[in-house]
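Counting starts at 1 for both ligands and their atoms, in listed order. Remember, predicted model here, so these are calculated numbers, not experimental data.
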Amino acid sequence: MPHEDQRCHACNEGRPFPFFANFNVPADIGKLPNTPNEARQSACGDIQLVACGVCGLVENRKYDPNLIAFELGYEVSLFHTPTFQEYICGVCDRLIAKYDLKGKNLLEIGCGSAEFLSMICRKGGNHGVGIDPTVGIPSHDRCGSGSIKLIPEFYSDSHQQHIGDFVCCLSVFEDIPRPVDFLKSLRKSIGNRNVPLYFEVFNGHRAISQLEVWSIHYEQCNYFSLASLKNMFQLADFDVTNSGTCYQDDQYIFVEAIPSVTPQHVSCELPPEFNHDLNQFTTAFSSRVDWWTTKLEEYRTDGKRVVCWGSGGKGVTFLSSLPNADIIQQVIDINPVRQNQFMPATCQPIDGPDILEVEKPDVVVVTNVLYQHEIMETLASKNIECELVIA
Ligand SMILES: [Zn+2]
């Protein structure tokens, strides 16, 4: 049997093995530096991904949440993207219909800017509580025929009085260290009430298996597959009632669960290709870094003006992984909150797309292929002709 402290803390059976590392990467992608000097001094941390062959949990063993400023000013909302707005509206309608969320008490763990919570409260006349250290100040406001209360704290057991009829958590669980411990604590707080949960996370295993090498960033400490996500809930005494992939087919994965009435021994399940998918990722990352290093030198030689589109996690990883990222002079982002700030560590200024009409690019590097068509339309509307390359 593995030594006690080498065992997986999620399933307590497997012995996690390392498969990928990236050192000295910017820790914080949500709160951006305001000056180039601040950008140069951005907190950096190491990534060492380990995987458990029993429950499938993939996590960054070197993760230190203290390096990240989860506070007011932290901004990773995708609500500025029409593609995402349409998607999240569909999730909202589905959950309201399925769980009859009308006039109910809802809790959202990690509500961010509370866009989803506002939508589900307004549409269903629900009373929502959102708990998130980034909401700034406490507030309690009407929202349609319902209401929203925001609490600027990390969710903990001390908030259990806010567990009402439904609990949701979107794009946050992948950032919570020791995910099974977190769920066990939530399970204990729910007690013998039949409170359904909806959890949605980034489909980390899809990104790894499809060799999306820029998708690994410091802030995300867990990379779930549908199988491992379900295992986490079962290990914490929840029954998974529904699960699947969502957003642009399979960008995200979700689990709907209810507390188990009779806890029993869980047999974790993983697909047979699990190890193979992980092992090919490191090779792909190195060759992508080499390819881009050469490509950027060609652009430098040719005197090309190169900009990067997207300042989110993929953009941060892309720039900070390349030794010659200084060839990229500017980063474009449509989210106004992220504009007029700087990329951590690599220091490129972030601007809105309008600046490209004045300072025309020769090359636009798209960090997230999902928004390629939106970007092409924006460039066309501004009569900007340039080379478009996917990072
Ligand atoms: Zn495990």
Side-chain angles (χ1 to χ4, degrees), residues 1-22 45-65 109 155 169 171-188 190 197 199-210 215-245 250 252-260 262-282:
M1 291 295 282
H3 187 267
E4 191 69 31
D5 56 43
Q6 291 175 324
R7 281 199 210 164
C8 171
H9 54 76
C11 66
N12 205 28
E13 282 183 37
R15 187 178 195 163
F17 57 91
F19 71 94
F20 174 77
N22 194 8
D46 295 336
I47 294 175
Q48 186 178 54
L49 294 188
V50 297
C52 172
V54 175
C55 69
L57 178 63
V58 170
E59 61 175 354
N60 177 11
R61 188 184 261 167
K62 303 276 186 188
Y63 183 71
D64 175 5
I109 298 172
Y155 177 80
C169 181
S171 297
V172 166
F173 191 52
E174 58 270 57
D175 296 348
I176 296 178
R178 304 244 166 186
V180 169
D181 291 349
F182 179 84
L183 289 178
K184 280 182 176 166
S185 160
L186 182 61
R187 172 70 191 84
K188 201 173 158 201
I190 292 173
L197 313 183
F199 273 52
E200 185 182 290
V201 297
F202 177 70
N203 188 348
H205 191 81
R206 181 203 52 78
I208 289 171
S209 64
Q210 295 185 5
S215 289
I216 308 297
H217 52 81
Y218 189 83
E219 196 177 289
Q220 187 172 344
C221 55
N222 306 314
Y223 295 81
F224 295 112
S225 64
L226 192 51
S228 69
L229 185 64
K230 283 157 70 176
N231 287 339
M232 299 299 112
F233 281 81
Q234 285 162 355
L235 286 162
D237 287 335
F238 285 97
D239 289 330
V240 174
T241 52
N242 189 21
S243 65
T245 57
D250 58 0
Y252 293 169
I253 45 184
F254 72 90
V255 152
E256 292 167 45
I258 51 169
S260 276
T262 49
Q264 46 204 328
H265 181 72
V266 178
S267 298
C268 294
E269 283 180 37
L270 288 178
E273 62 275 17
F274 181 70
N275 282 355
H276 171 262
D277 288 349
L278 302 182
N279 289 331
Q280 63 173 356
F281 185 78
T282 297

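Taking the side-chain contact (heavy atoms from CB on, under 4.5 Å) definition, one finds that Asp64 meets it with Asn66, Leu67, Tyr218, sequence neighbours left out. For Glu256, the salt bridge (Lys or Arg N to Asp or Glu O under 4.0 Å) partners two or more places apart in sequence, or in a different chain, are Arg94, Lys98. For Ala257, the side-chain contact (heavy atoms from CB on, under 4.5 Å) partners at least two apart in sequence or on another chain are Phe233, Phe238, Val255.
Screening the protein for N, O or S atoms under 2.8 Å from the Zn ion (ligand 1) yields 4; no waters enter the count.
Between Asp277 and Ile208, the shortest heavy-atom contact is O-CG2, 3.8 Å.
The aromatic rings of Phe182 and Phe173 sit tilted, their planes meeting at an angle between 30° and 60°.
Judged by distance alone, the side chains of Asp181 and His9 never bring a donor and an acceptor atom under 3.5 Å apart.
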